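Take a look at the structure set out below.
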Amino acid sequence: MIRTVHASDIGRVRSVNEDSVWIGATRHGYTLGIIADGMGGHQAGETASILALETMRNTLDGLQPELQDEALRDALSAAILEANSTVFKEASSDEKYHNMGTTVVAALMNGSIGYIGHIGDSRAYLIKDSAAVQLTEDHTLVNELFKNGQISVEELDNHPRRNVLTRALGTDAEVVADLAPVTLLPGELLLLCSDGLSNFVTNEHLGKVAGIHEIPLEERADRLLQLALLAGGGDNISVALLEHHGEAAVPETKEWD
């Protein structure tokens, strides 16, 4: 029923890919997708994103089958909080990892029904009828300024402090993740991405490219990366796609680098 793919690129500016991305099936058949965009400088950012992703994968892989509604939500929330604890402890115990952290956006699906969880400015979109609807709200300074009426929508993309996060995973002992239910109808997709994609590719193009059902999911993911690279590739770029095909399909298990 749900087919999946992910892709990642270092971009044209960075010397290290601090994004970690994985999507596939858990032991008991849930579909799980995770993107973490690390911060704190080369080794620290890469370490934070890998730690967060591995912790969430390990925590969720043993979920009992057929969890529904609130149980699914609670499981995803607990995995994010466990990842936060893991990254924070590592950052606190080693000076070279001081202040490291990561964003995270994750989808945990039981068939076509599940939850999105996120911290930071990595995003989830619903792709429907070739249009992209943003499901997550960025935890950034500029988004807070915009909500408070201090800057205009035109200033959002060009503000000098647009990359400043107001919430991240692993930077504090306690953190709150945003969680929201999601349901995929046949033909609809979830798109998860780091800001290396969303900052360089418009919502219009995200929807049009991800929604091209006539080409394979892998090609759509690659085209999205190419669009970000053509726009300058100023950051690491990661994308994960989950598509409802309306038929039984085993999610493809992907390995992260």
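All heavy atoms count here, side chains included; hydrogens, waters and symmetry mates do not. For clarity, every value in this text was computed on a predicted model and none was experimentally measured.
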Quick check: are there more than 12 heavy atoms from other residues, nucleotides or ligands sitting under 6.0 Å from NE2 of His98? no
Glu174 CD: over 12 foreign heavy atoms closer than 6.0 Å: no
Any side-chain donor-acceptor pair under 3.5 Å between [X] and [Y]?
{"X": "Asp19", "Y": "Ser194", "answer": "yes"}
{"X": "Asp178", "Y": "Thr136", "answer": "no"}
{"X": "His213", "Y": "Glu243", "answer": "yes"}

With the 4.5 Å side-chain cut-off for hydrophobic clustering, are [X] and [Y] part of the same group?
{"X": "Leu76", "Y": "Val175", "result": "yes"}
{"X": "Val164", "Y": "Val142", "result": "yes"}
{"X": "Ile35", "Y": "Leu126", "result": "yes"}
{"X": "Ile10", "Y": "Leu53", "result": "no"}

[atom1]-[atom2] distance between [X] and [Y], expressed to the nearest 0.5 angstrom:
{"X": "Gln68", "Y": "Asn110", "atom1": "CD", "atom2": "CG", "value": "5.0 Å"}
{"X": "Thr4", "Y": "Leu189", "atom1": "OG1", "atom2": "CG", "value": "11.0 Å"}
{"X": "Leu191", "Y": "Glu188", "atom1": "CG", "atom2": "CD", "value": "13.5 Å"}
{"X": "Phe200", "Y": "Leu227", "atom1": "CZ", "atom2": "CG", "value": "12.5 Å"}
{"X": "Arg14", "Y": "Asn236", "atom1": "CZ", "atom2": "CG", "value": "6.5 Å"}
{"X": "Leu224", "Y": "Leu197", "atom1": "CG", "atom2": "CG", "value": "5.5 Å"}

Determine whether a donor-acceptor pair (N or O, by modelled atom type, separation under 3.5 Å) exists between the side chain of [X] and the backbone of [Y].
{"X": "Asp129", "Y": "Ala131", "answer": "no"}
{"X": "Asn84", "Y": "Gly170", "answer": "yes"}
{"X": "Ser49", "Y": "Glu18", "answer": "yes"}
{"X": "Ser122", "Y": "Val105", "answer": "no"}
{"X": "Ser77", "Y": "Arg73", "answer": "no"}
{"X": "Thr103", "Y": "Ile119", "answer": "no"}
{"X": "Ser112", "Y": "Leu185", "answer": "no"}
{"X": "Tyr30", "Y": "Leu72", "answer": "no"}
{"X": "Tyr97", "Y": "Val87", "answer": "no"}
{"X": "Asp61", "Y": "Arg57", "answer": "no"}

Are side-chain heavy atoms of [X] and [Y] found at a separation under 4.5 Å?
{"X": "Met39", "Y": "Thr171", "answer": "yes"}
{"X": "Ile34", "Y": "Val21", "answer": "no"}
{"X": "Leu179", "Y": "Ile116", "answer": "no"}

Fill in: Test log, rule side chain to side chain contact (heavy atoms under 4.5 Å, CB included), inputs Met109 and Leu184
CA-CA 10 Å; Met109 308 290 292; Leu184 288 179; 4.3 Å; yes
Tightest non-hydrogen contact, residues Leu206 and Ala132, listed as CB-CB, 4.2 Å
Note: Ala107 and Leu242 closest approach over all heavy atoms is CB-CD2, 4.3 Å
Please step through side chain to side chain contact (heavy atoms under 4.5 Å, CB included) for the pair Leu190 and Ile127, ending with a clear verdict.
CA-CA 6 Å; Leu190 278 179; Ile127 310 297; over 6 Å; no
Closer than 4.0 angstrom, basic N to acidic O: yes or no for [X] and [Y]?
{"X": "Asp172", "Y": "Arg167", "value": "no"}
{"X": "Asp195", "Y": "Arg123", "value": "no"}
{"X": "Arg223", "Y": "Glu219", "value": "yes"}

Q | Chi angles and distances behind the side chain to side chain contact (heavy atoms under 4.5 Å, CB included) call for Met56, Thr59 | A | CA-CA 5 Å; Met56 290 184 65; Thr59 301; 5.7 Å; no
_Chi angles and distances behind the side chain to side chain contact (heavy atoms under 4.5 Å, CB included) call for Met100, Phe88_ = CA-CA 8 Å; Met100 77 173 177; Phe88 181 76; over 6 Å; no
